[in-house]
2 protein chains.
Amino acid sequence: MADLKTQHLLTLAHILSKGGKHNFVNITTTSLGKEIGKSQQSASLHLKELELGGFIERIQSGRKQSIKITHKGFVELSTLNNLLSKLISKSPNSLTFTGTITSGMGEGAYYMSMKGYTKQFKSKLGYIPYPGTLNVQIKEKKFSEAISQLSNYEGTKISPFSDGKRTFGWVKCFKSKINNKIDCELILLERTHHDTTIVEFISKYNIRKSLKISEKSNVKVKISILDNFS
Amino acid sequence: MADLKTQHLLTLAHILSKGGKHNFVNITTTSLGKEIGKSQQSASLHLKELELGGFIERIQSGRKQSIKITHKGFVELSTLNNLLSKLISKSPNSLTFTGTITSGMGEGAYYMSMKGYTKQFKSKLGYIPYPGTLNVQIKEKKFSEAISQLSNYEGTKISPFSDGKRTFGWVKCFKSKINNKIDCELILLERTHHDTTIVEFISKYNIRKSLKISEKSNVKVKISILDNFS
DNA sequence: ATTACTAGTTATCGAGTAA
DNA sequence: TTTACTCGATAACTAGTAA
């Protein structure tokens, strides 16, 4: 018997939503068509094919019909759901890339030492960062592209503040690990020049010293990303 | 921007399975085509359309490409998954129907009083059934059709046994409720005449007396069905 | 090896309509 | 009202092939 066509997925899901798992439910092809965004004729065809494939059972009396999902049909939906669930939950929530240490003073270095930020770092990250930032130059385009999408995710949000004269923007921190050893945070600044080929890190430690790395050393970075939807 | 087409679902899922949630992964159109059961050309087109719709991002270098799912693409998959999950878990696991009491001795009545069965009823259901079975005649075809699919589900399994001379088949019990009051079990027998217009019930109580019902009374039955997959 | 175009085929769809 | 047919339009796909 034929496989479940992906185009029939919505139709099957709709029957399930109407309570057709164990009981025959009354569904007209017109209403089904509307629900799945297709014509009445297409809905009719969908039902015919689903019946032929053994995914639903129909009872027609006069011009009305009752529909019920078969065990096979339900298993099919469950299987797909399990597959998707596993894929989604098992997908590693990390971004890994390589780059080289660069000295170019990160724009964040100065600001990150301001009290308005350090106070928040202490409470939200649990430490006051070592003064200065570590700058990593990313060579491969695919890495910088991937990093530029980071802004879509939450991270740890450091709020903007004002010192009376001017305001300083928010900072998003993403838990990272350099060379599989040093814990640190990648920082995304609200006010930045959007050059994603250089990324900045803050850490409790002096990363350069701790790793005994210097200018142009290659480093491997792993960034953890948490989803913000349930 | 266009919606995610259902035909692209498998493609997106495959990219996710390759680790493309946050990192760019190398996927050839040939391998993708094989995975989704389509041609290399179709795979190529899928990627083009997914990119156009903002669901994936591609980086092409020479004749190879790296692919990454966008935040939008991942949300789309998650949303669909959540929808399916809810539908599947919220679908009521019960079958409801109406029928009339009938006196025709159920075939099970005699056998259900045998020690080989009663011992198991006691341990698996927690009670020894009142002698005899209640027989309900089902009038509407849609109900008998729905019941005939019950055999695909597990229920409480009473094992076959032998008394030395002959063997007696298994019995499957499904927790039921008659007229929203009396707890009982619908029984499916391994050796039965497969007439699904009459169903039999066993109960701790004398159902007729308890409900003060007699021949040809109408009853409403609700059968609970448990899934046997995770 | 790649990706992706063009051209031809098949599947899917919707309008019109019958029953 | 319903379901579902025919048929023409469009979308999706594959084969062949170029780059």
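Lettering follows sequence order; numbering is per chain, from 1. On a predicted model such as this, the values are computed, not experimentally measured, just so you know.
- A donor atom on one side chain and an acceptor atom on the other are not found under 3.5 Å apart for Thr102(B) and Gln137(B).
- Residue Arg58(B) has a polar side-chain atom (N or O) positioned under 4.0 Å from OP1 or OP2 of dA4(C).
- Remark: P of dA4(D) and CD1 of Ile67(A) are 9 Å apart, rounded to the nearest angstrom.
- Side-chain contact of Thr70(B) with Glu57(B): a donor-acceptor pair under 3.5 Å is absent, judged by distance alone.
- If you run side-chain contact (heavy atoms from CB on, under 4.5 Å) between Val219(B) and each of Ile178(B), Ile207(B), Thr98(B), only Ile178(B) comes through.
- Under the 3.5 Å distance criterion, with hydrogens and angles disregarded, no donor-acceptor pair is assigned to the side chains of Asn218(A) and Thr100(A).
- Residues of residues 9-19 of chain A that place a heavy atom closer than 4.0 Å to DNA chain C do not occur.
- For Gln7(A), no side-chain nitrogen or oxygen approaches OP1 or OP2 of dA11(D) to under 4.0 Å.
- If you check residues 24-49 of chain B against DNA chain C, the residues with a heavy atom closer than 4.0 Å are Ile27(B), Thr28(B), Thr29(B), Gln40(B), Gln41(B), Ser44(B), Lys48(B), listed by number.
- Asn26(A) and Lys64(A) are not linked by any side-chain donor-acceptor pair at a separation below 3.5 angstrom, with hydrogens and angles left out of the test.
- Using modelled atom types, one finds no donor on one side chain facing an acceptor on the other under 3.5 Å when comparing Gln40(A) with Thr30(A).
- Aromatic rings from His71(B) and Tyr153(A) are positioned such that their centres are separated by under 6.0 Å.
- Gln60(B) has its CD atom 18 Å from the P atom of dA19(D), to the nearest Å.
- Remark: the Asn93(B) side chain and the Lys21(A) side chain contain an N/O donor-acceptor pair separated by less than 3.5 Å.
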